[in-house]
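Here the structure comes first, spelled out in structure tokens, and everything after it is commentary.
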Amino acid sequence: MRAETDLDLFVAIAREGGLRRASAKHNIAVSRLSDRLRALEEQMQVRLFHRTTRSMTLTEAGSVLLMQVEPALAALDAAVVATRLEGEPVGTLKVNAAPPAAELVLAPHLPGFLRKYPRVELQLTVEDALVDIVRAGFDLGIRYAEHLSADMISVPIGGMQRYALVAAPELLKKTGMPSRVEDLSGVPAIRHRFPSGALLPWEFSSKRRSIIVEPKNRLITDNFQVAISAALGGAGYLLIFEDRVAPWVSKGKLVSLMRNWLPAFSGPVIYYYSRKHVPPAMRAFIDYMKAATAS
């Protein structure tokens, strides 16, 4: 690998939030790390961090430098790795994915990928929260395109998906079978909560109009299995990815409602920061998943 520069150490300090954690991670004495940071600031003639006895925070100049340098260093590392590996998919690949994308689209194809590329170690983090994959140290992300920034390269996978509104038959006996979207206003609901605290909106659309419904919240959770179990027990209506509840709908344990008002939408995308040199393991993963989910 290439030699570590003062800019690499600057990025490490910014990522770790201070000298001590960066020192431990890079096995460099705190005093030596502090000296190299000071030398970098003197060379650039600008202060990169605000320092107190308890904390270090980036200055405005430091934030600008981090934004520019981090992707450049990542591209440099990728170029070195690509040259060293001579095209063979090998090494660690770090992927961050939204739960529906990971569980419904990605998971069925992971065994095949790992069998085909036995020298690739895949580290998969599944979380609802939106993260900056570059700053968090991930090679790739898998999410839905509306959440991506413009500077990301994206590759669609998984085809079309859709939401389903479901309820247990016993609950429908109590509330009555809704015939219009407007009838859903005030029904007992099981809602999904995102890490931001926002709830998954109940939005329905046809060719002519869109309607947002406000149900009566009975259970709010960030766990899909809990939500499905509660719905099966008649606790409330549930809006969720159709594939998650398809087995119970087919068995009649849940009833699918308002399907004509829940159109299909594009599936997730693999995305990554624009770079000239894509490492072989990363390219292999993108190509494999694109082909596997297209069939």
Report summary line: d(His109 NE2, Ile157 CD1) to nearest 0.5 Å is 8.0 Å
Report task. Could you pull out the closest heavy-atom pair between Pro111 and Ala107, with the gap in Å? Result -> CD-O, 3.5 Å
Query raised in the report: Does Pro247 offer a backbone N or O that forms a donor-acceptor pair with the side chain of Ser250 under 3.5 Å?
Result: yes
Requested in this report: May I ask whether Phe49 and Ile28 are part of the same hydrophobic cluster, defined by side-chain heavy atoms of I, L, V, M, F, W, Y residues being less than 4.5 angstrom apart, directly or through others?
Outcome: yes
**Report entry** Donor-acceptor under 3.5 Å (Ser256 side chain, Val166 main chain)
**Finding:** no
Query - Sidechain-backbone polar pair: Arg244 side chain, Glu103 backbone, donor-acceptor under 3.5 Å - result: no
Report task. Would you name the heavy atoms of Pro188 and Leu171 that are closest together and state the gap between them? Result -> CG-CD1, 4.2 Å
Query raised in the report: If you measure from CG on Leu199 to CG on Leu239, what distance do you get to the nearest 0.5 Å?
Result: 11.5 Å
Query raised in the report: Do any N or O atoms from the side chain of Ser205 and from the backbone of Ser210 form a donor-acceptor pair under 3.5 angstrom?
Result: no
Query raised in the report: Knowing that exactly one of Phe204, Trp202, Phe241 qualifies, which makes a ring-ring contact (aromatic ring centres under 6.0 Å, His included) with Tyr163?
Result: Phe241
Query raised in the report: Which of parallel (below 30°), tilted (30 to 60°) and perpendicular (above 60°) describes Phe113 and Tyr117?
Result: tilted
**Report entry** Listed once per pair and sorted, the side-chain hydrogen bond (donor to acceptor under 3.5 Å, both in side chains) pairs that draw on residues 221-239, sequence neighbours left out
**Finding:** Thr175-Tyr237
Report summary line: Closest non-hydrogen atoms of Ala230 and Leu219, given as atom of the first, atom of the second and distance, are CB-CD2, 3.6 Å
Query raised in the report: Parallel, tilted or perpendicular: which describes the rings of Tyr144 and Phe265, with under 30° parallel and over 60° perpendicular?
Result: perpendicular
Report task. Would you tell me whether His192 and Asp128 have side-chain atoms, one donor and one acceptor, within less than 3.5 Å of each other? Result -> yes
Query raised in the report: Are any of the side-chain heavy atoms of Pro100 and Val105 separated by less than 4.5 Å?
Result: no
Query raised in the report: Are Arg143 and Asn96 close enough that some pair of their side-chain heavy atoms sits under 4.5 Å apart?
Result: yes
Query raised in the report: Within a strict 4.5 Å, meaning less than it, do heavy atoms of the Leu165 and Leu184 side chains meet?
Result: yes
Query raised in the report: Do Asp35 and Arg38 meet the salt-bridge criterion of a basic N to acidic O distance under 4.0 Å?
Result: yes
Query raised in the report: Side-chain heavy atoms under 4.5 angstrom apart, residues restricted to Ile, Leu, Val, Met, Phe, Trp, Tyr: same cluster for Val69 and Ile133?
Result: no
Query raised in the report: Are Val278 and Tyr272 close enough that some pair of their side-chain heavy atoms sits under 4.5 Å apart?
Result: yes
Report task. Report yes if some heavy atom in the side chain of Leu37 is under 4.5 Å from a heavy atom in the side chain of Leu9; otherwise report no. Result -> no
Query - For Ala97 against Ala102, the heavy-atom pair lying closest together - result: CB-CB, 3.9 Å
Query raised in the report: Does one hydrophobic cluster hold both Val213 and Ile220, with members joined at side-chain heavy-atom distances below 4.5 Å?
Result: no
**Report entry** Common cluster, Val134/Leu73, ILVMFWY with side-chain heavy-atom separation under 4.5 Å
**Finding:** no
Query - Side chain proximity check, Pro268 to Met289, heavy atoms < 4.5 angstrom - result: no
Query raised in the report: What's the verdict on side-chain contact (heavy atoms from CB on, under 4.5 Å) for Leu106 and Leu124, showing C-alpha distance, side-chain angles and the deciding distance?
Result: CA-CA 10 Å; Leu106 184 61; Leu124 175 63; 3.9 Å; yes
Query raised in the report: Are Leu257 and Met177 close enough that some pair of their side-chain heavy atoms sits under 4.5 Å apart?
Result: yes
Report task. Please determine if Lys25 and Glu4 form a salt bridge, counting it only when a charged side-chain N lies under 4.0 Å from a carboxylate O. Result -> no
Query - Heavy-atom side-chain contact between Arg191 and Pro215 under 4.5 Å - result: yes
Query raised in the report: Under 4.0 Å between a Lys/Arg side-chain N and an Asp/Glu carboxylate O for Asp287 and Lys290?
Result: no
**Report entry** Candidates Met56, His26, Arg21 - the one meeting side chain to side chain contact (heavy atoms under 4.5 Å, CB included) with Glu16
**Finding:** Arg21
Requested in this report: Identify which one of Val95, Val155, Val126 satisfies the side chain to side chain contact (heavy atoms under 4.5 Å, CB included) criterion when paired with Ile142.
Outcome: Val95
Query raised in the report: Checking side-chain contact (heavy atoms from CB on, under 4.5 Å) for the pair Ile270/Phe285: CA distance, chi angles, key distance, verdict?
Result: CA-CA 10 Å; Ile270 296 175; Phe285 181 84; 3.9 Å; yes
Query - Gln123, CD: over 12 other non-hydrogen atoms inside 6.0 angstrom - result: yes
Report summary line: Correct closest heavy-atom pair for Gly252 and Pro169 would be O-CG, 3.4 Å
Query raised in the report: When clusters are formed by joining ILVMFWY residues with side-chain heavy atoms under 4.5 Å apart, either directly or through shared neighbours, do Tyr273 and Leu7 land in the same one?
Result: no
**Report entry** salt bridge (Lys or Arg N to Asp or Glu O under 4.0 Å) partner of Glu41, chosen from Arg47, Arg51, Arg36
**Finding:** Arg51
Report summary line: Here the gap from Met282 atom CE to Leu93 atom CG, rounded to the nearest 0.5 Å, amounts to 7.5 Å
Report task. Measure the CZ-CD1 distance between Phe224 and Ile190 for me, rounded to the nearest 0.5 Å. Result -> 13.0 Å
Query - For Val11, the option from Leu65, Thr5, Leu66 that meets side chain to side chain contact (heavy atoms under 4.5 Å, CB included) - result: Leu66
Report summary line: One should read off an interatomic distance between Leu254 CG and Leu238 CG, to the nearest 0.5 angstrom, of 8.0 Å
Report summary line: Closest non-hydrogen atoms of Leu33 and Leu19, given as atom of the first, atom of the second and distance, are CD2-O, 3.5 Å
Query - Arg218 atom CZ, neighbour heavy-atom count above 12 within 6.0 Å - result: no
Query raised in the report: Once you round to the nearest 0.5 Å, how far does CZ of Arg209 lie from CH2 of Trp261?
Result: 4.0 Å
